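Written below as structure tokens is the structure these notes are about.
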Amino acid sequence: MATTTVRINLTGLPRRLVADGILNEAQALDAQRDALQEKLPLVSYLVRNLKLNARAIAFAASDEFGVPLLDLDAVDMRHAPLKEMEAQLMENFHVLPLYRRGRRIFMGVSDPATLPALDQIRFNTGLTVDAVVVEEDKLVRAIEKAIRSLGTSIGDLDEEINSLDTESANEYSPDDDENADVEDAPVVRFVNKIMLDAINRNASDIHFEPYEKFYRIRLRQDGMLQEIAQPPVNLAMKIAARLKVMSRLDISERRIPQDGRIKLKLSKSRSIDFRVNTCPTLWGEKIVMRILDPSSAKLGIDALGYEDFQKEHYLRALARPYGMILVTGPTGSGKTVSLYTGVNILNTKDRNICTAEDPVEIQLPGVNQVNVHPKVGLTFASALRAFLRQDPDVILVGEIRDLETAEIAVKAAQTGHLVLSTLHTNDAPKTLSRLADIGVPPYSIATAVNLIIAQRLARKLCEACKRKAKIPKEALLKEGFSEQEIKDGVEIYEPVGCDQCAEGYKGRTGIYQVLPVTESISRLIMQGGGAIQIADQALKEGVWDLRKSGLHKVRNGVTSLVELNRVTTE
């Protein structure tokens, strides 16, 4: 390899990475500066922000600092001496205890430049500390798993809660949090544990539900609710009060619903928002917490599950300076993430982006976001009118619910603005009919709407345990596969279930119908064509409906036929 000339202010690992061709000089200098500003280890910054190969960096770091290299996949973490070190130290110093031999403990690090931090670990543990280099991506996952395993289990917390004086549990005073050691209070720790478990399981909602003879807590994971705990029913008001204190709600008001928000900081670089709603029921207040991860809007369009040609349609519509993009589907189908992925692509310094939502779910720096408040007159329509006086380039309307909002949104799309919004319809052609039903003139629909996306979220099969399913040809034909597809060979997989997934599924993917409003479809709209005629024309133009998109994912082993039938209809 030819020697690369490196400026003198590059030393250590950055200099080595430039010499090895992993980074160029400008990238190295920028990375050093930005990592320092974000208070991140350099290796963490390079892997997380620049998406560099963690393995190549680990080899370079090991060689540069003379520290042994170890593959974390070869370590059985069940026998790791995790209890020798506090979880907070692991997170703060970005290290992981791997082995202990007598008075010597071996610590996994991804950035040997942090070796001075080992002195603090040596002081805290009283052990001799040796470092080994491991890959950054594997280290991040292993630290998260280790911290979870060190946490108190829900079962342990149930025992602690049962030991409380449950006769007085319903007598809650706001002074409880001030007079007690909050971090040691079992109810407080129990609630914190539930919230962290929900985040670690990638749940979307947490339900706290009181009934006459029992109290249960459920999580919605990959779209499905599952019970995770049943604390004593006498603690219902204590748990509700704790959640309301965290959400800054009125704990003395139990007769009407309330809305609040919690921001939970997980680390220096990651925080999670919870949208909290209380609702009085027969046996107490039911509380539902929607988990809002700001990073979900930054996943990138490739992570959402669009087919290549569908993605191109979406990107082409986003690149247009004006017109309307509509996303449709039931509640919980991922409409917000789809829209915000588009907004994130458009969010540049030369654009003025305004959003009106009920409520704002994902907060994005650089975007002017408004919570609508109908009780004080701040409706979608009034917010839209205000936006049009503020020199906008892009406008996002949370939902088009009425003619007034629809008319203003259409007018904005026709007068040089890009408008993104949602409607509640079953598929893309019905969205055009829905606008006409609201009262929008056909010529306005035909000239304003550029693209309609209908979507559903389906659970993905676990790659570790899925297995081939034997399905008769007749059943495949009935499900929607063609004779030619079956002749070419269709491999269908089914869920099994293992310790890495939930009932054979892990994560979710989008199923989409992406309908560009072409000239022929515009003519149909102008002629008063219905949803069926528009759907037939879209099919002729090669638009996949939701069923066909889903069958394509089934054929590729992404999801199962059972799951597809759950989220779509033929």
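Worth saying up front: this structure is predicted, and the values here are computed from it rather than measured.
A distance-only check finds no donor-acceptor pair linking the side chain of Lys506 to the backbone of Leu461 [under 3.5 Å]. The main-chain N or O of Val514 is never found under 3.5 Å from a side-chain atom of His313 such that the two would form a donor-acceptor pair. A distance-only check finds no donor-acceptor pair linking the side chain of Gln455 to the backbone of Val327 [under 3.5 Å]. In terms of modelled atom types and a separation under 3.5 Å, the side chain of Ser444 and the main chain of Val440 share no donor-acceptor contact. For the pair Gln258 (side chain) and Glu253 (backbone), a donor-acceptor distance under 3.5 Å is present.
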*Check the pair Arg385 / Glu404 against salt bridge (charged side-chain N to carboxylate O under 4.0 Å, His left out), numbers first and verdict last.*
CA-CA 11 Å; Arg385 285 195 192 93; Glu404 186 182 14; 2.4 Å; yes

*asked:* Quick one, Arg218 with Glu227, criterion salt bridge (charged side-chain N to carboxylate O under 4.0 Å, His left out). Give me CA distance, side-chain angles, the key distance, then yes/no.
replied: CA-CA 4 Å; Arg218 296 190 291 173; Glu227 185 177 300; over 6 Å; no

*asked:* Under the criterion salt bridge (charged side-chain N to carboxylate O under 4.0 Å, His left out), I'd like the reasoning laid out for Lys244 against Asp250: C-alpha separation, chi angles, the key distance, then a yes or no.
replied: CA-CA 7 Å; Lys244 289 165 80 172; Asp250 183 356; over 6 Å; no

_Assess the residue pair Ile408 and Thr405 against the criterion (side-chain contact (heavy atoms from CB on, under 4.5 Å)); give the C-alpha distance rounded to whole Å, side-chain angles, the decisive distance to 0.1 Å, and a yes or no._
CA-CA 5 Å; Ile408 301 169; Thr405 306; over 6 Å; no

*Show your reasoning for whether salt bridge (charged side-chain N to carboxylate O under 4.0 Å, His left out) applies to Lys430 and Asp437.*
CA-CA 10 Å; Lys430 287 176 184 171; Asp437 293 342; over 6 Å; no

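Residue Leu451 holds its CG atom at 6.0 Å from CD1 of Ile325, rounded to the nearest 0.5 Å. For the atom pair CD1 (Ile521) and CD1 (Ile445), the distance works out to 13.0 Å, reported to the nearest 0.5 Å. Atoms CE and CG, on Met195 and Leu219 in that order, are 12.0 Å from each other to the nearest 0.5 Å. With values rounded to the nearest 0.5 angstrom, Leu551 atom CG is found 9.5 Å from Leu476 atom CG. Taken from CD in Glu285 to CD1 in Ile239, the straight-line distance is 12.5 Å, to the nearest 0.5 Å.
Between Asp30 and Arg33 there is a salt bridge, since a side-chain N of the basic residue sits under 4.0 Å from a carboxylate O of the acidic one. Ion pair Asp427/Arg456 not flagged as a salt bridge, since none of the NZ, NE, NH1 or NH2 atoms sits closer than 4.0 Å to an Asp/Glu carboxylate oxygen.
Under the 6.0 Å distance and 45° angle rule, Lys466 counts as a cation-pi partner of Tyr493.
You'll find the side chain of Val372 stays beyond 4.5 Å of the side chain of Glu357, heavy atoms only. Side-chain contact between Asn368 and Asn352 is present, with heavy atoms from C-beta onward closer than 4.5 Å. Contact check for Lys553 versus Leu564: no side-chain heavy atoms found under the 4.5 Å cut-off.
No side-chain donor from either of Gln513 and Ser549 sits under 3.5 Å from a side-chain acceptor of the other. Side chains of Thr341 and Ser338: no donor on one and acceptor on the other come within 3.5 Å. There is a side-chain donor-acceptor pair under 3.5 Å between Arg547 and Asn565. Residues Ser520 and Gln537 bring a donor and an acceptor atom of their side chains to less than 3.5 Å of each other.
Every salt bridge (Lys or Arg N to Asp or Glu O under 4.0 Å) that Glu485 has, sequence neighbours left out, goes to Arg555. In this structure Arg220 satisfies the side-chain contact (heavy atoms from CB on, under 4.5 Å) test together with Ser204, Asp205, Leu225, sequence neighbours excluded. Residues passing the side-chain contact (heavy atoms from CB on, under 4.5 Å) test with Asp536 are Ile532, sequence neighbours excluded.
The six-membered or imidazole ring of Trp544 lies near that of Phe309, with a centre-to-centre distance under 6.0 Å.
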